[in-house]
Student: 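Here it is, the structure in full.
In this chain, numbering begins with 1 at the start of the sequence shown. Side chains included, hydrogens not; waters and symmetry mates left out as well; all remaining heavy atoms used.
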Amino acid sequence: MSNIVIQLENDALSRLKTSYSSYEIPVKAPGMVFAAALSDTRISAYRSGKVMFQGSGAAREAEKWQASDGGAAKKKSALLPAGFDRLSVIGSDETGTGDFFGPITVAACYIPADKIELAIELGCKDSKQLNDTFIRKVAPDIQASFPHSILVLPMNKYNDATDKKWSQGKIKALLHNQALKHVLRKLGDTKPDAILIDQFAEKSVYYRHLAKQLEIVEENVYFATKAEGLHVAVAAASILARNAFLEEMDKLSEQAGVTIPKGAGAKVDEVAARIIRKRGLDYLRTITKAHFANTQKALKLSRR
């Protein structure tokens, strides 16, 4: 099992806590100030500023925060054209990848240079910095104001893909590419200055996932972690993706007859166990990412 430790300053540590708040679990060790459990990664933050990432997804999650204190972040930003935040850009982002219940949702959104101020006025910020109530409020205005594409991957298709040993990285790459194609088609002859993808894989890995696709978006495409802070187009996309995820979770809650929790922690296991007792394991598979460890945890709880 991978085990990675990094050092963060206080502001970066605060951002980390906010980012993983929906996956928070009780702290159990002296000096620990925060703990979270994703499907494939356990995160433990300490008063000293040290953060430990454990699990098969440790490298992926640690990479998101290793750039938080300057050097790497500046290096990533330097790869973008000068004045990038004022260009006409299509941004794309996704959510739902670490949640046991509910789909992965991906959104792409085009913000032209002359409407950047409008996007800011509408509240386009990283969805992780906004509460769900605000996201639900502003998402319709963003949808009405800018060309966009929102994709929701049905759970049966997600589970079929993972049964075929597709990684989440491959699934996300296919969805991002599809969303970007949709927006480009809507723009017609209008060409964006750039496309910015909130990075979840190295560029070479991303395009390797797309190798067999007939149409691949490659022109003026950039990748960056924390991309929502580099252009409002990604911030807008993050809000649209999150809003779509929230709407799907509402539908699941109504369908299942119980409020469906987010994340992949102990509360999720308890609700999943209740659903197994009431509707069976086959039904649970239709509303969850079945390969998560939560499935077996819930199954054990359901037998008690």
Side-chain angles (χ1 to χ4, degrees), residues 20-24 37-39 92-109 123 126-128 130-146 148-163 166 168 171-172 174-176 178-179 182-183 198 236-295 297-299 301-302:
Y20 296 113
S21 60
S22 60
Y23 309 107
E24 186 173 3
L38 281 65
S39 62
S92 66
D93 199 2
E94 85 287 327
T95 194
T97 57
D99 296 88
F100 179 52
F101 286 101
I104 291 177
T105 58
V106 171
C109 187
D126 176 15
S127 65
K128 300 180 189 66
L130 305 173
N131 62 46
D132 289 347
T133 300
F134 186 80
I135 287 171
R136 291 178 189 271
K137 179 181 177 181
V138 302
D141 290 335
I142 295 170
Q143 287 181 242
S145 301
F146 306 106
H148 64 277
S149 173
I150 301 170
L151 302 180
V152 177
L153 182 66
M155 297 311 304
N156 63 323
K157 289 189 177 182
Y158 176 90
N159 288 324
D160 287 346
T162 55
D163 285 347
W166 286 18
Q168 271 202 358
I171 292 169
K172 289 189 287 186
L174 291 167
L175 290 170
H176 275 262
Q178 188 72 6
H182 288 172
V183 176
D198 191 55
S238 75
I239 290 173
L240 297 182
R242 180 65 178 177
N243 185 63
F245 177 76
L246 293 173
E247 291 179 344
E248 291 300 313
M249 292 292 273
D250 290 343
K251 294 176 187 176
L252 291 185
S253 294
E254 183 176 355
Q255 176 185 326
V258 61
T259 300
I260 299 294
K262 304 175 187 67
K267 185 177 180 181
V268 166
D269 297 336
E270 293 169 5
V271 171
R274 288 167 55 192
I275 291 173
I276 291 174
R277 295 189 198 105
K278 183 179 179 181
R279 307 284 290 270
L281 186 59
D282 288 343
Y283 174 75
L284 183 71
R285 178 183 168 88
T286 68
I287 60 174
T288 61
K289 301 175 182 70
H291 67 105
F292 277 31
N294 301 86
T295 299
K297 293 177 183 178
L299 190 57
L301 285 174
S302 71

Student: Does F100 reach the side chain of I287, with side-chain heavy atoms less than 4.5 Å apart?
Tutor: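 No, too far: nothing below the 4.5 Å cut-off.
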Student: Taking C-beta and beyond as the side chain, do H148 and I142 meet within less than 4.5 Å on heavy atoms?
Tutor: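 No - every pair of side-chain heavy atoms lies 4.5 Å or more apart.
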Student: Do K289 and D99 touch side chain to side chain, with heavy atoms closer than 4.5 Å?
Tutor: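 Yes, their side chains come closer than 4.5 Å.
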Student: If you define the side chain from C-beta out and look only at heavy atoms, does anything of T295 sit under 4.5 Å from L281?
Tutor: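 They are in contact (side-chain heavy atoms under 4.5 Å apart), so the answer is yes.
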Student: Taking all atoms of both residues into account, what is the closest heavy-atom pair of V152 and P154, and its distance?
Tutor: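 Nearest heavy atoms, V152 then P154: O-CD, 3.2 Å.
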Student: Mind checking whether L246 and R242 have side chains closer than 4.5 Å, heavy atoms only?
Tutor: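 A side-chain contact exists here, since the closest heavy-atom pair is under 4.5 Å.
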Student: For salt bridge (charged side-chain N to carboxylate O under 4.0 Å, His left out), just list the numbers for E248 and K251, CA-CA rounded to whole Å, side-chain angles, deciding distance to a tenth of an Å, and then say yes or no.
Tutor: CA-CA 5 Å; E248 291 300 313; K251 294 176 187 176; 3.2 Å; yes
Student: One pair to check against side chain to side chain contact (heavy atoms under 4.5 Å, CB included): I260 and I275. What are the steps and the verdict?
Tutor: CA-CA 10 Å; I260 299 294; I275 291 173; 3.9 Å; yes
Student: Taking the side chain as everything from C-beta on, heavy atoms only, tell me whether F292 gets closer than 4.5 Å to V268.
Tutor: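 Contact flag for F292/V268 side chains = no.
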Student: Any chance you could lay out the side chain to side chain contact (heavy atoms under 4.5 Å, CB included) test for Y20 and L38, step after step, and finish with the verdict?
Tutor: CA-CA 9 Å; Y20 296 113; L38 281 65; 3.8 Å; yes
Student: Does CD in Q255 sit with more than 12 non-hydrogen atoms of other residues, nucleotides or ligands closer than 6.0 Å?
Tutor: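 Result for CD/Q255: enclosed.
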Student: With side chain to side chain contact (heavy atoms under 4.5 Å, CB included) as the test, would you mind laying out the steps for L240 and Q143 before giving the verdict?
Tutor: CA-CA 8 Å; L240 297 182; Q143 287 181 242; 3.4 Å; yes
Student: Using side chain to side chain contact (heavy atoms under 4.5 Å, CB included) as the criterion, point out the one residue from I135, D198, D93 that pairs with S238.
Tutor: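 Exactly one option meets the side chain to side chain contact (heavy atoms under 4.5 Å, CB included) with S238, and it is D93.
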Student: Under the 3.5 angstrom rule, does the side chain of N159 hit a backbone N or O of R285 as a donor-acceptor pair?
Tutor: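 Here the side-chain-to-backbone pair exists.
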Student: Short question: side chain of T105, backbone of A241 - any donor-acceptor pair under 3.5 Å?
Tutor: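 Here the side-chain-to-backbone pair exists.
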Student: Hey, does T95 have a side-chain heavy atom less than 4.5 Å from the side chain of K262?
Tutor: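 No, every pair of side-chain atoms sits at 4.5 Å or beyond.
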Student: Is any side-chain heavy atom of H182 closer than 4.5 Å to one of L151?
Tutor: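 Yes. Closest side-chain heavy atoms under 4.5 Å.
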Student: Begin from the C-alpha positions of M155 and L252 and carry the test side chain to side chain contact (heavy atoms under 4.5 Å, CB included) through to its verdict.
Tutor: CA-CA 11 Å; M155 297 311 304; L252 291 185; 5.6 Å; no
Student: For the residue pair Y23 and G98, what are the closest heavy atoms and their distance?
Tutor: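 So the minimum-distance heavy-atom pair works out to CE2-O, 3.3 Å.
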